[in-house]
Amino acid sequence: QKYKHWVKMADSAIQDGDWHTASEAYKGAVELDSTIVEMRYLYADALYKIKEFTEAKRHFDFVYSKDKGRLFPEAQFWLAQCQKAAGDYSLALRNYKKYNKKGKRNPDSYSFKKSAVEIEACTWAINENRDDTDLIINQLKSNVNSSAAEISPFWHDSILYFASASLNNRILSYHVP
């Protein structure tokens, strides 16, 4: 009885676009019976929608480990999304690749196309993840740009490039060194 109440509350919240309430209601249902894979998937989906990636990852992982993509083929994709959001690029990359391999049955789907892009993104993140302990950050002595600047300053070959605008005698001028 209580289980059906939680599910009905979650379904109603989703109809209203209230993913926070839906996630709380699904949580209530999962706490009553955590073995129902479909409920864990719905709970994970609601958690993902409210950007609770760590908890969503745990539930998508449960779903994928039990289901192996039979009833919930997207679970592995969403698991990879959560892993990427948590900064675990290696694990996300592995799941994106596995999902993409299986996803070739539906190459026009959002998740298949997105996983292909995410494979490149995770590969880049892994390759660019370097030790920045020798990085030195110094605050400049004066303002370089205002909050309204369209071009942010950047360093290249030990030179700071920036754009500045000044209102001098009501004439707006730009200076780039």
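Residue numbers start at 1 and run along the sequence shown. What you see is a predicted model, and the numbers here were worked out from it, not measured in a lab.
- Taking all atoms of both residues into account, the shortest heavy-atom contact from Cys122 to Ala92 is SG-CB, 4.0 Å.
- For the residue pair Gln81 / Tyr96, a side-chain donor-acceptor distance below 3.5 Å is found, with atom types taken as modelled.
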**OP:** Apply side chain to side chain contact (heavy atoms under 4.5 Å, CB included) to the pair Met39 and Asp33, showing each step before the final yes or no.
**Re:** CA-CA 9 Å; Met39 194 52 50; Asp33 188 350; over 6 Å; no
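- The aromatic rings of Trp78 and Phe60 sit parallel to each other, their planes meeting at less than 30°, with 60° as the upper class boundary.
- With rounding to the nearest 0.5 angstrom, the OG1 atom of Thr123 is 5.5 Å from the NZ atom of Lys97.
- Across Ala44 and Ala56, no two heavy atoms sit closer than the pair O-CB, 3.6 Å.
- Shortest non-hydrogen contact noted between Leu93 and Ile126 is CD2-CD1, 3.8 Å.
- Atoms NZ and CG, on Lys84 and Leu91 in that order, are 14.0 Å from each other to the nearest 0.5 Å.
- There is no path of hydrophobic side-chain contacts, each under 4.5 Å, that joins Leu42 to Leu71.
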Subject >> Stepwise side chain to side chain contact (heavy atoms under 4.5 Å, CB included) test for Phe112 and Asn106 >> reply: CA-CA 7 Å; Phe112 178 80; Asn106 190 3; 6.0 Å; no
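- Side-chain N/O atoms of Ser23 and Tyr43 include no donor and acceptor closer than 3.5 Å.
- Linking ILVMFWY side-chain heavy atoms closer than 4.5 Å, directly or via other members, places Tyr89 and Leu79 in a single hydrophobic cluster.
- Atom NZ of Lys66 and atom CD1 of Ile36 lie 13.5 Å apart (nearest 0.5 Å).
- Contact between Tyr48 and Cys82 at its shortest, heavy atoms only, is CD1-SG, 3.6 Å.
- Put simply, CD on Gln76 and CG on Asn100 are 10.0 Å apart, with the number rounded to the nearest 0.5 Å.
- Looking at every heavy atom in both residues, Pro73 comes nearest to Tyr99 through O-CE1, 3.2 Å.
- Put simply, Trp6 and Val63 are part of two different groups of oily side chains (I, L, V, M, F, W, Y) that touch within less than 4.5 Å, one to the next.
- No donor-acceptor distance shorter than 3.5 angstrom exists from the side chain of Arg40 to the backbone of Val30, with no hydrogens or angles considered.
- The side-chain tip of Lys68 points at the ring of Tyr64 from less than 6.0 angstrom away and within 45° of straight on.
- In this structure, NZ on Lys4 lies 13.0 Å from CG on Asp11, to the nearest 0.5 angstrom.
- For the pair Thr21 (side chain) and Asp18 (backbone), a donor-acceptor distance under 3.5 Å is absent.
- Summarising the local packing, NZ of Lys27 is surrounded by 12 or fewer heavy atoms from other residues, nucleotides or ligands at distances under 6.0 Å.
- Between the side chain of Ser12 and the main chain of Lys8, no donor-acceptor pair closer than 3.5 Å is present.
- Distance CG/Asp45 to CZ/Phe72: 10.5 Å, rounded to 0.5 Å.
- With Glu55 as reference, Arg58 is the one residue of Lys51, Arg58, Lys57 to meet the salt bridge (charged side-chain N to carboxylate O under 4.0 Å, His left out) rule.
- Summarising the geometry of Ala80 relative to Asn95, their closest heavy-atom pair is CB-CB, 3.8 Å, with the distance given to 0.1 Å.
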Original post:
Would Tyr41 and His59 satisfy side chain to side chain contact (heavy atoms under 4.5 Å, CB included), going step by step from the backbone distance to the final call?
Top reply: CA-CA 7 Å; Tyr41 182 83; His59 293 282; over 6 Å; no
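- Put simply, the side chain of Ser65 gets close to the backbone of Phe62: a donor and an acceptor are under 3.5 Å apart.
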